[in-house]
Amino acid sequence: MFSMVDCYADMGQIGQDCPVREYNMDDLELDQVTKVISYHPRFLDHFLKTQNFIMNGDGPLPYDYRYYLAIIAAARHQCPYLVKMYEKEFINQGGNPDWLNGLDFIPPKLRAIYEINKILAHRPWLLRKEHIESLTRGKNSWSLSEVVHAMVLLSHFHSLSSFVFSCGLTQKLDGLSSPKLKTPPTVAAITSGHNSVTGSSAVADGNSLMHSAVAAGMAGAGSLPQYQPQKTVLSEITLNNNNHTNNNNNNSSSNSIDHHNHQLYCNNNAQSIAESLTNSGGVTGVVAAVTAAAFASSANAAAVLNKINAQPSATVEVLMERMKVLSQKQDECSEAELSNRFKNVEMQTAELPAAATVTPAEIPPVISHYIEDPNFQYQDFARRGAENIPNTFRIQDYSWDDHGYSLVNDLYEDVGTLLDQRFRCAYNLTYFTMGGVKNVDTSKFRRAIWNYIQCIYGIRHDDYDYGEVNQLLDRPLKMFIKTACCFPERITTKDYDSILVELQDSEKVHVNLMVMEARNQAELLYALREIMRYRT
C-alpha cells in the first residue's frame, strides 16, 4: 500500500528513476480548465487518469448517474462552466434529457443522495452514519460500492469548482474569459520522482510550487529577462510538445531539457518582480542581518521571526527567510502547546472574513433548478461563543493512509491508488527553486498551505505545529484560501490577481491545485469515516 505518511514525512525529496508518462498534447482534446492544470504536466497526468477512471472506467454506478452527480456537485458552488460541460457529456452518454429539467425530474434513487451532496459541499463534518444507512435501505437502496463511487465523484467536482473559481476563470461558456497571465505555460514532461521510503513508483513529484516567488528577489535585476506582455490564460496557453518528439529514447536527457525550459518560462516575468522588491524597502536589511548564529537557540529563532514579522509587507525574500528559520528550530512543543496552537489558528480562521464580503449574486437561472436549499452554506467550524462546536477531526484517529485508502480500494477497486498518487503529487510538487534560486526547500510553505486548508474543515494533523501557519501565510492569502474552499463562487479575477503578486502564474495555479486536493481529501475523510462507522 502506498503510504502518504511516509511520503509526506519525506516531502520534497525527489528521486530520478520514476518514468514520466508522456502525453502528446496535440492529440488531447482538453477543456479550458484542464489546459490551466497543464501548467503542471505530472499532476495533469494523475488528474486525467483519476477523472477518466471515475467517469468512464469500471465502477458500480451507471454512466448517466456519474455525469448527473458531476452536474449537481458543480451546481452547489454555482459553477455554470462545469454544469454546462457535463450537461453535454450527460447527453452524449445517453442520459435522459428530462433529467436536465432539474431535481424534480430525476429518479428517486438519485434524488436521495442530494442531501449528502449538500452536506459534503459545505459542512462535511455534519455527515453521519445515519445518512449512509438511509441510502442503503429501502426500495431504491444504494450498495456501499455505489455510495463510495458517488462520494468520490461529489468531492472531486466540489473541489474542481474551487479550482475553476480560484484561478479567476469567469464562466462565459462561449469565448471564456480569463485572468491575464504574465507568462504562458510551456507544457512538457517534468523531472520524475520515486519515493525511496515507500518503494513506490507513484509520484513524489517534481514541479513548481513557490519556485518563482522568492528567487526574483534574490537574483540581480540586471541579469533578468525582459518583462513580456500579458496574455490570457486560456487563449494563449501553449501546449508545447516539441521536447517530446526528439527525446523519446532518452528520458534523462528529456527530463533535463524539460526542467530547463520550465525554468526559462517561469523567469520570463522576473524583471518586474525584482523591481517591486527594489521598491519595497526595509526587507533586505532584515534578511541580511540573519546569520547562522541567530539560530543557535529557539529563543534566538523566535526573536528573528518576530523581527521579520514586524515588517509592513512580507515579500517573497522574507518568506524564504522565515522558512529557513523554521527549518532550523530545534525546540519541540508539548502536546498541549501543539493543541493550543491549532485552536488559535482555528479560531482565527473562524473570525477571518471571506475575500469577497459583498452579497453574493443571485443564482444563475441556468443552474438554479439543480440547487435545493441554496442558503445552506459553509459555517465556520469553530465560532467563538457558539454552542455545540463539533469535535475536531484528528488525523491520528482516522487518516487517509491508515483507513481511507484501504476502504476506498475495498469498495471501489483501484480508485484509492489513483487518489493516493494524485494527493501526493499535489502535496510534493516542487522544483526546489523559487523564481530562479536553486536548492530552495519549499516544504514548510507547502505543508502550511495544505494543513491550513484542512484546518478550515476542522481537521487537525496532530504532529504539526500550527504556529508555522501564521508565520508563513499572511492574512490576504488566508482569506483567499478560505474563500476558494468555502465560497469559491465569490472569487473574482481581481482576487486572483491580488494575492501572491510576486509569484508566477504557474505557482499560483499550484497553490490552487493544493486548495483543490486538500479540500478533496478533507471531504473524503469525513465521508469515508462515516462509511466505516456504518460498517462496524
Side-chain angles (χ1 to χ4, degrees), residues 76-79 119-126 155 158-169 210 314 319 341-361 375-384 386 389-390 392-393 426-427 445-461 464 466-501 503 507-523 525-526:
R76 278 312 307 182
H77 283 309
Q78 303 176 31
C79 187
I119 292 172
L120 272 183
H122 304 293
R123 306 175 207 171
W125 54 88
L126 296 182
S155 61
H158 293 155
S159 57
L160 185 57
S161 297
S162 283
F163 180 81
V164 170
F165 285 108
S166 63
C167 286
L169 304 176
M210 300 296 101
L319 176 60
R341 292 182 181 183
F342 170 79
K343 291 177 182 177
N344 288 338
V345 171
E346 189 178 46
M347 193 59 65
Q348 291 167 5
T349 301
E351 296 172 350
L352 191 69
T357 57
V358 296
T359 303
N375 293 324
F376 185 91
Q377 296 182 331
Y378 175 84
Q379 286 185 350
D380 290 294
F381 185 84
R383 290 168 290 158
R384 192 179 299 277
I389 295 178
T392 297
F393 189 117
Y427 193 98
F445 188 73
R446 288 180 280 125
R447 191 178 187 190
I449 291 175
W450 187 281
N451 288 355
Y452 180 69
I453 292 164
Q454 298 199 338
C455 173
I456 292 172
Y457 290 97
I459 296 175
R460 178 189 168 197
H461 294 257
Y464 180 66
Y466 283 84
E468 294 185 5
V469 168
N470 286 337
Q471 297 294 342
L472 300 176
L473 309 185
D474 60 20
R475 181 179 174 87
L477 179 55
K478 288 179 182 176
M479 291 174 62
F480 180 86
I481 289 174
K482 180 177 180 180
T483 310
C485 288
C486 308
F487 308 100
E489 61 276 8
R490 300 185 188 180
I491 288 183
T492 65
T493 300
K494 181 179 178 181
D495 296 321
Y496 172 90
D497 291 336
S498 64
I499 57 102
L500 300 173
V501 294
L503 300 190
E507 297 163 335
K508 287 190 178 185
V509 168
H510 184 190
V511 171
N512 291 333
L513 290 177
M514 294 186 71
V515 170
M516 176 169 67
E517 294 308 305
R519 177 189 174 174
N520 189 1
Q521 189 185 76
E523 286 191 31
L525 284 173
Y526 278 107

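Throughout, residue positions are numbered sequentially from 1 according to the sequence presented.
- Between L477 and Y452 the shortest side-chain heavy-atom distance does not fall below 4.5 Å.
- Between the side chain of D495 and the backbone N or O of T492, at least one donor-acceptor pair lies under 3.5 Å.
- K508 places a side-chain N or O within 3.5 Å of a backbone atom of I499 that can act as its donor or acceptor partner.
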Let me see the working for H77 and H122 under side chain to side chain contact (heavy atoms under 4.5 Å, CB included), right down to the final yes or no.
-> CA-CA 9 Å; H77 283 309; H122 304 293; 3.8 Å; yes

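- Of the possible donor and acceptor atoms, one in the side chain of Y466 sits under 3.5 Å from a partner among the backbone N and O of H461.
- Aromatic rings from Y378 and W125 are positioned such that their centres are separated by under 6.0 Å.
- Partners of E468 by side-chain hydrogen bond (donor to acceptor under 3.5 Å, both in side chains), not counting sequence neighbours, listed by chain and number: K444.
- Contacts of T392 classified as side-chain hydrogen bond (donor to acceptor under 3.5 Å, both in side chains), with partners at least two apart in sequence or in another chain: none.
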Please lay out, stage by stage, how E517 and W450 fare under the test side chain to side chain contact (heavy atoms under 4.5 Å, CB included).
-> CA-CA 9 Å; E517 294 308 305; W450 187 281; 3.9 Å; yes

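- For K482 (side chain) and I456 (main-chain N/O), no donor-acceptor pair under 3.5 Å exists by modelled atom type.
- Residues V511 and L500 meet the side-chain proximity criterion, which asks for heavy atoms closer than 4.5 Å.
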Decide yes or no on side chain to side chain contact (heavy atoms under 4.5 Å, CB included) for M347 and K343, but give the supporting numbers first.
-> CA-CA 6 Å; M347 193 59 65; K343 291 177 182 177; over 6 Å; no

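- Taking K478 as the reference, nothing meets the salt bridge (Lys or Arg N to Asp or Glu O under 4.0 Å) condition, with sequence neighbours excluded.
- L472 contributes atom CG, which lies 9.0 Å from atom CD1 of I449 (distance to the nearest 0.5 angstrom).
- Closest heavy-atom contact between A426 and L513: CB-O, 4.5 Å.
- Between the E346 side chain and the G458 main chain, no donor and acceptor come within less than 3.5 Å of each other.
- Scored by the ring pair (Phe, Tyr, Trp, His ring centres under 6.0 Å) test, H158 finds no partners at all (sequence neighbours excluded).
- The backbone N or O of Y457 sits less than 3.5 Å from a side-chain atom of Y526, completing a donor-acceptor pair.
- Of all heavy-atom pairs between P353 and R475, the closest is CD-NH2, 3.6 Å.
- For E523, the salt bridge (Lys or Arg N to Asp or Glu O under 4.0 Å) criterion is met by R519, not counting sequence neighbours.
- Remark: side-chain polar atoms of R123 are paired, donor with acceptor, to backbone N or O of Q377 under 3.5 angstrom.
- Looking at heavy atoms from C-beta onward, C167 lies in side-chain contact with F163 at the 4.5 angstrom threshold.
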Checking side chain to side chain contact (heavy atoms under 4.5 Å, CB included) for the pair Y496/N512: CA distance, chi angles, key distance, verdict?
-> CA-CA 10 Å; Y496 172 90; N512 291 333; 4.0 Å; yes

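- With values rounded to the nearest 0.5 angstrom, N470 atom CG is found 8.0 Å from N344 atom CG.
- Listed for the S162 side chain is a donor-acceptor partner under 3.5 Å among the backbone atoms of A484.
- Legend: residues meeting salt bridge (Lys or Arg N to Asp or Glu O under 4.0 Å) with R341, ordered by chain and number and at least two apart, are E337, D465.
- With a 4.5 Å cut-off on side-chain heavy atoms, H510 and L503 do not count as touching.
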